[in-house]
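Below is one structure, written out as structure tokens; the observations come after it.
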2 protein chains.
Amino acid sequence: MIQAKGYAAQDAETDLAPWDFERREVGPHDVQIEIQYCGVCHSDLHQIKNDWFPGIFPMVPGHEIVGRIVKVGDHVKKFKVDELAGVGCMVDSCQVCENCKDGLEQYCLEGNVQTYNGRGKDGVPTYGGYSNTIVVREEFVLHISDKLSLAATAPLLCAGITTYSPLRHWKVGKGHKLAVLGLGGLGHMGVKFGVAFGAEVTVLSTSASKAEAAKALGAHHFVVTSDPAQLKAVKGSFDFILDTVSAEHDMNMYLSLLRTNGTHICVGVPPAYSIHPFSLLGGRKSVAGSGIGGIPETQEMLDFCAEHNIVSDIEMIDIKDIQTAYDRMVKGDVRYRFVIDIATL
Amino acid sequence: MIQAKGYAAQDAETDLAPWDFERREVGPHDVQIEIQYCGVCHSDLHQIKNDWFPGIFPMVPGHEIVGRIVKVGDHVKKFKVDELAGVGCMVDSCQVCENCKDGLEQYCLEGNVQTYNGRGKDGVPTYGGYSNTIVVREEFVLHISDKLSLAATAPLLCAGITTYSPLRHWKVGKGHKLAVLGLGGLGHMGVKFGVAFGAEVTVLSTSASKAEAAKALGAHHFVVTSDPAQLKAVKGSFDFILDTVSAEHDMNMYLSLLRTNGTHICVGVPPAYSIHPFSLLGGRKSVAGSGIGGIPETQEMLDFCAEHNIVSDIEMIDIKDIQTAYDRMVKGDVRYRFVIDIATL
């Protein structure tokens with residue numbers, strides 16, 4: 001076994017703390033990565049707090065992982081030692097179902113294996129990227145360009161693909177008015193991709209103070225949702241809303257901002273959406289959901305980012321400051337993603 | 001003015017009763033129809049009871065109207081006296097907005113004029129089809145074939161187009177598995193159209209007693225939603241669910257029956273849908289709404305029905321029995337639509 005160290009929650013009530021554990025040996029199809037940076041996703045906190053479902057403890061969070069390959073198995077074809085590599089939210093899936101064959105491993109009909117807080121096919125719990133090393137099947141490892149800041153690339157593995165995938169799926173681009181709801185880790189990537197794809201992008205935010213930041217990211221317009229006059233001016237105007245908000249919000253109000261045939265795409269996880277039928281019937285509107293993206297599309301997104309010089313805006317932290325980062329993240333006090341420098345572990 | 005008689009609710013607390021009122025004279029672009037049959041829609045009852053919004057009283061319900069043309073205005077081009085004609089849920093719209101120009105008058109950006117419980121552009125309340133005659137602008141009058149039972153054609157004007165339009169919009173047909181949720185006035189038309197379009201149709205119902213009836217309508221399969229084993233067997237299997245239910249129901253359970261990328265199309269009006277984000281994110285699923293259909297598509301639907309011999313299954317009633325019909329409709333005790341024989345007025 002490989003000796004690994006990381007930060008783990010021992011249970012849902014305890015803060016993260018250093019923890020030594022074991023990773024499996026590098027099998028014939030495995031890649032071992034020395035982790036250099038790991039992004040901090042809001043879902044890390046949800047999972048260690050059992051907000052969504054009972055977690056598997058000790059839990060080492062982290063699914064925005066980048067680093068350098070230190071070992072590959074005998075049958076590994078796509079990767080070599082010393083190359084940069086990344087790992088996102090999944091580390092395995094059945095690989096034979098209809099969805100896996102279509103490159104939609106995130107919707108694997110047998111259920112995929114999450115990077116942490118999951119169990120591999122061998123039944124062993126998975127441990128994430130708040131650690132110094134990880135061993136992953138090559139099918140779930142991504143190539144990372146050396147053209148971009150490596151630390152700022154880490155959040156692409158979750159926040160990036162989560163916003164890229166639905167914008168591609170619904171073919172958002174030139175001629176479309178796209179609203180991005182919420183300007184956090186996901187939202188700021190939604191703005192960057194929306195702009196890159198040629199859409200006219202409006203940021204919808206409860207906080208007027210984010211106007212400048214939105215423009216700096218490339219957004220064409222900014223609407224403070226607490227101002228009825230600003231809201232009225234954009235009523236019935238958007239083709240798409242990319243909803244990145246994980247707090248409760250008034251879906252019927254937002255649906256009124258969509259044009260006829262408009263689509264409200266949810267990528268956040270609030271408790272539940274309450275939707276009045278008339279909000280949908282009144283203009284043949286849709287509320288859709290999208291979960292991360294498949295492996296081929298994640299690679300496509302990483303390549304697109306390398307080509308268009310797109311990374312996440314990040315604030316680097318020492319791993320010992322993770323609790324402070326969580327506290328600030330909950331308050332929305334981060335522009336826009338914390339990334340752990342794993343060298344501080 | 002034209003003297004008309006009908007059945008009206010004087011307020012939300014009083015039963016329908018005979019009422020004499022006036023229709024406008026036939027203007028240059030108007031068509032006057034002697035009404036022969038009018039379908040009874042659940043929304044008639046919702047509106048006279050102020051369930052959705054405060055109504056305009058006295059209220060003469062009815063928006064599934066068929067009859068014979070008795071007079072046309074000087075500039076009317078599409079209709080002649082003695083022809084059969086129909087009127088659905090709308091009698092006017094701005095006719096110049098983007099949606100009206102696209103034949104989507106139901107989504108008129110200025111708001112269309114509802115056949116009853118609305119106000120015309122002149123501010124005068126509109127009165128519906130529980131009456132002996134109606135005057136409507138020719139743009140909102142439909143041609144009705146004499147090949148079909150006239151009485152059984154009436155419900156096509158609302159129940160028909162409400163189910164036809166979304167199935168066409170989402171291109172439901174060969175190779176698709178379509179579930180129709182609820183087997184009432186809307187649902188039974190959804191089954192007929194789904195089958196006619198070549199889909200594999202399953203009726204989802206809480207009531208096992210409807211199995212035979214569903215098969216008789218052409219449905220290929222029937223699932224009792226109270227039976228966990230039957231539900232499990234269809235989990236993740238449908239491309240589309242056509243949801244005709246206006247009572248509260250568990251959307252998350254129904255969403256679990258959709259395949260990846262599946263669409264749950266709502267045409268009923270329950271109080272509100274409560275949807276957990278994971279029900280959407282877990283398979284890139286959509287919940288969409290659709291309201292009736294535009295005038296060109298309503299004509300297309302009527303022509304399709306004439307060609308394919310599709311009508312509604314109806315139970316004819318005397319207008320004096322309307323309250324009994326409402327009582328039975330609320331209990332779901334009708335196969336599948338009451339139609340008023342206006343000769344009994």
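All chains are named by letter (A, B, ...) in the order of the sequence lines, taking the proteins before the strands, and each is independently numbered beginning at 1.
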> Do A:I275 and B:V287 come within less than 4.5 Å of each other through their side chains, counting heavy atoms only?
Replying inline: no

>> On a heavy-atom basis, which atom in B:P277 and which in A:A272 lie closest, and how many Å separate them?
In response: CD-CA, 4.0 Å

>> Between B:G289, B:G268, B:A288, who has the most heavy-atom pairs with chain A when the cutoff is under 4.5 Å?
In response: B:G289

> With a cut-off of 6.0 Å (strictly less than), are more than 12 heavy atoms of other residues, nucleotides or ligands near NZ of A:K101?
Replying inline: no

> By a 4.5 Å heavy-atom criterion (distance strictly below it), what part of A:P271 contacts chain B: side chain, backbone, both, or neither?
Replying inline: backbone

>> Tell me if the NZ atom of A:K235 is crowded by more than 12 foreign heavy atoms within 6.0 Å.
In response: no

> Taking C-beta and beyond as the side chain, do B:W170 and A:R284 meet within less than 4.5 Å on heavy atoms?
Replying inline: yes

> What are the two closest heavy atoms between B:L281 and A:Y107, and how far apart are they?
Replying inline: O-CE2, 3.2 Å

> chain A heavy atoms under 4.5 Å from B:N261: which part of the residue, side chain, backbone, both or neither?
Replying inline: side chain

>> Under a 4.5 Å cutoff for heavy-atom pairs, which residue among B:R259, B:M251, B:Q106, B:H169 has the most contacts with chain A?
In response: B:H169

> Would you call A:W52 and B:F278 a side-chain contact if the rule is heavy atoms closer than 4.5 Å?
Replying inline: yes

>> Between A:D102 and chain B, with a heavy-atom cut-off of 4.5 Å, which part of the residue counts as in contact: side chain, backbone, both or neither?
In response: neither

> Going from CD1 on A:I265 to CG on B:L280, what distance comes out if it is rounded to the nearest 0.5 angstrom?
Replying inline: 11.5 Å

>> If I measure from the heavy atoms of chain B, does A:I292 come under 4.5 Å with its side chain, its backbone, both, or neither?
In response: neither

